Structures are given as structure tokens and as C-alpha cells.
Amino acid sequence: MPTGSERDTWALLEQHRDQTRSLQMRDLFAADPGRADRFSRNACGLHVDYSKQRITGETISLLMQLARTRALGEHIEAMFRGDRINVTEARAVLHTALRRLADEPLLLDGVDIMPAIEAVRVRMANLADKVRDGHWRGWQGAAITDIVHIGIGGSHLGPQMACEALRPLVTARLRMHFVSSVDGSEFARTLRTLAPATTLFIIASKSFATEETMTNAQSARSWFLASGAPPSAIAKHFVAVSSHIEAARAFGIEADHVFGLWDWVGGRFSLWSAIGLPVMIAIGPPAFRDLLAGARAMDGHFRQTPFEANLPVILALLDIWNVNCLGAGSHVMAPYNECLRRLPSYLQQLEMESNGKSVCSDGMPVAHQTSPMVWGETGIHGQHAYFQLLHQGTQFAPVDFIAAVAAADSLPGHQAILLANALAQAEALMRGKSATEVRLELSARGIAPEEIEAALPHRTFPGNRPSTFLLLDRIDPHRLGSLIALYEHKVFVEGVLWGINSFDQWGVELGKQLAGHILTELSGAPAAQTHDASTAALIARVREGLRSQ
Ligand code: F6P
């Protein structure tokens, strides 16, 4: 339930929105040469320029006031302390503990959880080193050449995104594969490239019950045994990551090869746990520790920095402004770097599974819009696809441009072109192009006045479209860790301000339940429940089609 002062601040924000509705960012830049400096911050190797947001100094003051009326500082401490802030599951939220230094105790229910975390890290590093240097041998004595990570959602997106992002550091000795979809043709295609005797499967599932992952794991095991390997050979070719250690063992994986995680790690926050095992294998334990160190640096920044200079708080408040005051329904993630191509999907789960909620933590309906739809694709591709809508569409969508100055492995001239495009798109969205500018440009090209007037509506750009530019010197494990932790904490702050629990995901359950019923019906069982006419007809059609295959 919002407090009186919180309601007052929302009212002030709305009033401020109405008063500033006609402001144009290009005018604000012209009037204030210090605007870019005033609305840029550096922390943990990240430069964040949010001066191309539709804000003034007063906007920021009011947003900061909103954070204070929500007692944001207390919520931050409650999370780091291990309070059970995931109220619907009565769980602590301690992914931050996973990147904490081992010698800094952290008590949960009176027990220091750091020794258990460090023990898993050490076991992960042992395995990673053995696989990387060829000492981990398959059942026929050959070194491992291929790692196949099987998982979905939070047990897939983070490791895949990080392995892609850190591609230049990935050992050339190993090929990394990620299998997520239950679409069998996808997995079959991967299997065709593998030799059972040199393949190591990682089965990653916090619950060890997710249908897609379990189906793929069973198929991996059948494929492996079909090569003539005895069941005892599974020990050398399958490891698991799960909080359900018994279930992993029941699958046939040796206790020594099961890496645990805890109920206080949400799936979409689990990259830092043993779910990150393929990343550690790919880039090596020291670089994985750098990734943790980068996230830890952001944790420290988030916990200790005044809100006015606190990157996660600033980004969250800008989202609140765009969504709740300016009416943005979506948010675009546009990395200008092919290494970050899986980042939009990763952030989509992080933001939408966390904050796509309509009720507050106490079960009451929310008073405000919550998560926007988060989508995107690498910016350079987006320019030739969805950017048309961003520039001239009837809806506006704030954009996060994410770019690195240095390229790890590029060709002469390419990096400057890539970055010029990122900078140009952000500038174009902000500036737009007025009718006067179009007239001048076209008449300079000798185009007839009637033709110019006809072209005018199509060639003008409204501008004033907000974006934030996140610039890294380069992509390395430390900076990547900071970047991901920045978004994690941003999502948390938004959840606090909207009054929702960002750490459960009940909304994914209904579809899973119905899929279970429909699956039995597809195999010929009578309907366990009545369906609407559309679903019933589709089930009949699919069942028929499957039968005749
Ligand atoms: O269905 C959604 C979800 O529960 C996500 O929250 C989670 O990341 C994903 O499925 C995978 O879950 P698990 O790691 O238990 O297989």
C-alpha cells in the first residue's frame, strides 16, 4: 500500500510530466552545454550517459524522492543481509553471496553460507582445469573435445550469453554447445557433430524436473549408451548442476559430479553459481573469478553509493519515468557488439520474468504499470529492421545502446564503423529532423519545391526519443560481470518501487500444467479436462498428423 508521501511524490511526478511535456531534448542540449556531463556517470568500468533521456534536473530530484519514500535503502540492505524478501516462496535472495569473497562470512539462519559456496567454486575449478588441460578422460581414454550444456531459461541464457560475450577468451581446445529447446531436430543436429567418447554433457536444472531439459538429458544419455558405452561410463561423460542433488543422482550421475545450488538463488540470477560451469570451463577459473569480481564491484557500488550517483538506481528510475510517466510500453536492448548478441534474450528473462507482475507482494493489485516488454537484437542488425519504428513509429520505445570501444578481434576499419552507427542512431533518435532541415537539404540537391513538400511528411523525424548509452572500454570478464549485475540490481530497484516480488514466477506455471494434459491427449489418452473449441480442434489435428507420420 503506497504511503501518503509516496502518493504525493507520484502526483508531483505526474504534474512535472505535464509541465515538461513540450520540452525537446535538442533544445535542452542547446541551452545547457554541461548536460552530457551532468547526466553521465562512471562506475565499475562502465560509462553510462543518460543525457538523451527526456529529463531535467527536477525530474531526477523527484525520482530520487520517490526512491526515498519507498525506503529503497532499507530494501537494498534487506536483500544483501539475506532477509526472506521472496515472500511468496519464503526465500532469501542471495545471488550476491555467490560473488562474495570466501573469507567474508554471511550468515543465513545463523549458518555461514560462504564455506559451502567456496567449496562448490573449488570443485568447479577442479573439473574445469581437468577438462581444459585434457586430464579429464572419457571412458575410452580420450580427452574431452566437446561440452554440451543442456538447460533452459535461467539455466541456459546466462551461460550461453557469457560464453558468447567472452568468445575471444574461450579455449580453442574445446567446442561449446548449448541445447535448450525440446525441438528434437535442434538437438539431433548438434549430436551429429559429436563423438560420444569425447563429449561431456552438463545437465543444468535447478529443479531437475523441467520437462524440456529432462527430455534432452534422457536423449543425450540414450545417444551416449547407443554408442556401445556401458552405463558405468556415464560417470565420465555426464555432470549435473542442480539444487535437487538426489534427482540428479537418480538420473545416474555420480555424487561427486553433481554441483549444488541453493533455493536462495533464482534461476535468472544463477550465472554466478555452478550454473556458470560451462563459462568457467570455457574461459578458465581465473577469468571466471574476474567475472565474479566485476559483479562484486557492482554490488559494492550499489550498496554504498548515494542514489544520485548509483547506476542501478538511476537506470531503474529512468525506466519508472519512461513507463509510468511517459507511457512507454516496451524497452529496447541494442548491443553494438556481436559478442553481446545473446544479451537481449538474457535481459528479457531477467526483466520480464522478474517484474512482469500485476499484484504487489501483499497480493493487492499494483497501482502502476510494471515491466515494459523488453526486446531487441544487436543494434547494427536492428538498424536494418526495427529501427524504422523507433524513429518514426506511433509508439516510442526507450533504447539502451550498449557498446565497447575496443574490439578483441576485429578487422581494420570495422570497429569505427560499428561505433559510428551506434552513436549516430542515439543522436538521430534524440535530434530528429525538422521540416526546415528537410527543405534545406532537398533544395540544396536541386529538388523542385512541389516535390519537396510532398516528401516532407515522410522525411521528417520527430526526435525527442529517449535512449541511454552504456559504453565500456572493452568487454572482459570483469566489465561483463559489472554490466550484468547492474541490470540485476536495476530490476530489483524497479520491483521495490512497484511494490512487487521480483523473485517468483508463478505466471509460468499454467502453461506447463496444460502442456502436461495435452501431451497425454496427443498420445491418445482421453481428454483429462474440457478444452475450448479452438484448442480441442487443434489437438485433434495435431494428434492426427502425428499418427500419420
Ligand atoms: O519456467 C520458468 C523457469 O522456472 C525459469 O524461472 C527457470 O530459469 C527455468 O524455468 C529453468 O528451470 P530449471 O533450472 O529448474 O530447469
Side-chain angles (χ1 to χ4, degrees), residues 2-3 5-6 9-10 13 39 41 43-44 46 48 50 53 55 59-83 85-87 92-96 99 266 268-269 295-326 328 331 333 346-357 360-361 366-372 374 398 400 466 468 470 481-505:
T3 60
S5 59
E6 190 190 338
T9 312
W10 278 112
L13 271 165
F39 296 130
R41 295 279 180 271
C44 310
L46 311 178
V48 179
Y50 53 101
Q53 291 285 342
I55 52 167
T59 322
I60 295 293
S61 307
L62 287 169
L63 290 167
M64 294 294 163
Q65 188 177 318
L66 184 68
R68 292 198 172 91
T69 62
R70 283 298 297 174
L72 175 62
E74 286 166 34
H75 286 276
I76 295 172
E77 278 316 297
M79 178 177 71
F80 278 95
R81 204 168 45 220
D83 289 7
I85 59 170
N86 176 354
V87 287
V93 172
L94 276 174
H95 47 279
T96 51
R99 50 245 192 171
R268 52 194 175 273
F269 298 89
R296 185 165 64 245
M298 184 55 72
D299 294 341
H301 167 82
F302 180 47
R303 209 170 171 182
Q304 286 146 18
T305 310
F307 292 166
E308 281 71 11
N310 191 312
L311 291 185
V313 174
I314 292 169
L315 289 194
L317 291 174
L318 292 170
D319 277 3
I320 301 280
W321 172 245
N322 283 324
V323 170
N324 300 118
C325 298
L326 302 184
H331 189 136
M333 298 296 170
Y346 175 81
L347 294 176
Q348 197 167 53
Q349 186 202 19
L350 181 64
E351 303 216 6
M352 292 170 76
E353 200 167 75
S354 299
N355 287 340
K357 314 273 166 73
C360 295
S361 298
V366 291
H368 306 279
Q369 295 290 339
T370 58
S371 177
V374 175
D400 280 9
T468 297
L470 291 91
S482 297
L483 180 71
I484 301 306
L486 164 63
Y487 278 102
E488 285 181 348
H489 294 322
K490 180 197 87 155
V491 163
F492 167 71
V493 173
E494 288 171 2
V496 170
L497 294 182
W498 287 322
I500 58 182
N501 175 9
S502 302
F503 302 103
D504 60 12
Q505 57 282 321

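Because the structure is predicted, anything quoted here is derived from the model rather than measured. The first residue in the sequence is number 1, and the count goes up from there.
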Looking at [X] and [Y], what are the two nearest heavy atoms and their distance?
X: Cys360; Y: Ile500; value: CA-CG2, 4.1 Å
X: Val496; Y: Leu72; value: CG1-CD1, 3.9 Å
X: Ile55; Y: Leu318; value: CG2-CD2, 4.0 Å
X: Leu66; Y: Leu497; value: O-CD2, 4.1 Å
X: Met352; Y: Pro372; value: CG-O, 3.9 Å

Q: Mind checking the CE-OG1 spacing from Met298 to Thr305? Nearest 0.5 Å is all I need.
A: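 The OG1 atom of Thr305 is 9.0 Å from CE of Met298, to the nearest 0.5 Å.
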(Q) Nearest 0.5 Å, please: how far is CD1 in Ile76 from OG1 in Thr96? (A)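 Here the rounded value is 11.5 Å.
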Answer whether the closest heavy-atom distance between the side chains of [X] and [Y] falls below 4.5 Å.
X: Leu486; Y: Leu470; result: yes
X: Leu317; Y: Ile314; result: no
X: Pro312; Y: Asn310; result: yes

Q. Of all residues at least two apart in sequence or in a different chain, which pass the ring-ring contact (aromatic ring centres under 6.0 Å, His included) check with His95?
A.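 Applying ring-ring contact (aromatic ring centres under 6.0 Å, His included) to His95 gives Phe269.
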Indicate whether any N or O donor in one side chain lies under 3.5 Å from an N or O acceptor in the other, for [X] and [Y].
X: Asn324; Y: Trp498; answer: yes
X: Asp400; Y: Tyr487; answer: yes
X: Ser371; Y: Glu494; answer: no
X: Asn322; Y: Gln53; answer: yes
X: Asp299; Y: His489; answer: yes
X: Asn501; Y: Asn86; answer: yes
X: Asn355; Y: Ser502; answer: yes

Quick check against the 3.5 Å criterion: does [X] have a side-chain atom that pairs as donor or acceptor with the backbone of [Y]?
X: Lys357; Y: Gln505; answer: no
X: Arg41; Y: Val48; answer: no
X: His75; Y: Val493; answer: no
X: Ser354; Y: Glu351; answer: no
X: Arg70; Y: Glu6; answer: no

(Q) Between Trp10 and Ile320, does the side chain to side chain contact (heavy atoms under 4.5 Å, CB included) criterion hold? Intermediate values first, please. (A) CA-CA 11 Å; Trp10 278 112; Ile320 301 280; 3.5 Å; yes
Q) Between Tyr346 and Ile484, does a side chain to side chain contact (heavy atoms under 4.5 Å, CB included) hold up when you go through it step by step? A) CA-CA 9 Å; Tyr346 175 81; Ile484 301 306; 3.3 Å; yes
Q: In sequence, state the C-alpha distance, the side-chain angles, and the governing distance for Phe302 and Met79, and then conclude on side chain to side chain contact (heavy atoms under 4.5 Å, CB included).
A: CA-CA 12 Å; Phe302 180 47; Met79 178 177 71; 4.2 Å; yes
Q) Among all residues two or more places apart in sequence or in another chain, which pass the side chain to side chain donor-acceptor pair (under 3.5 Å) test with Trp321? A)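 Trp321 satisfies side chain to side chain donor-acceptor pair (under 3.5 Å) with no other residue.
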**Q.** Residue that, paired with Arg268, satisfies side chain to side chain donor-acceptor pair (under 3.5 Å) out of Glu488, Gln348, Glu353
**A.**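 By the side chain to side chain donor-acceptor pair (under 3.5 Å) criterion, Arg268 pairs with just one of Glu488, Gln348, Glu353: Glu353.
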Q: Could you check Phe39 against Ile60 for side chain to side chain contact (heavy atoms under 4.5 Å, CB included), going step by step and ending with a plain yes or no?
A: CA-CA 10 Å; Phe39 296 130; Ile60 295 293; 3.9 Å; yes
(Q) Take a 6.0 Å sphere around CD of Glu308 and say whether it holds more than 12 heavy atoms from other residues, nucleotides or ligands. (A)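 More than 12 heavy atoms, drawn from other residues, nucleotides or ligands, come within 6.0 Å of this atom.
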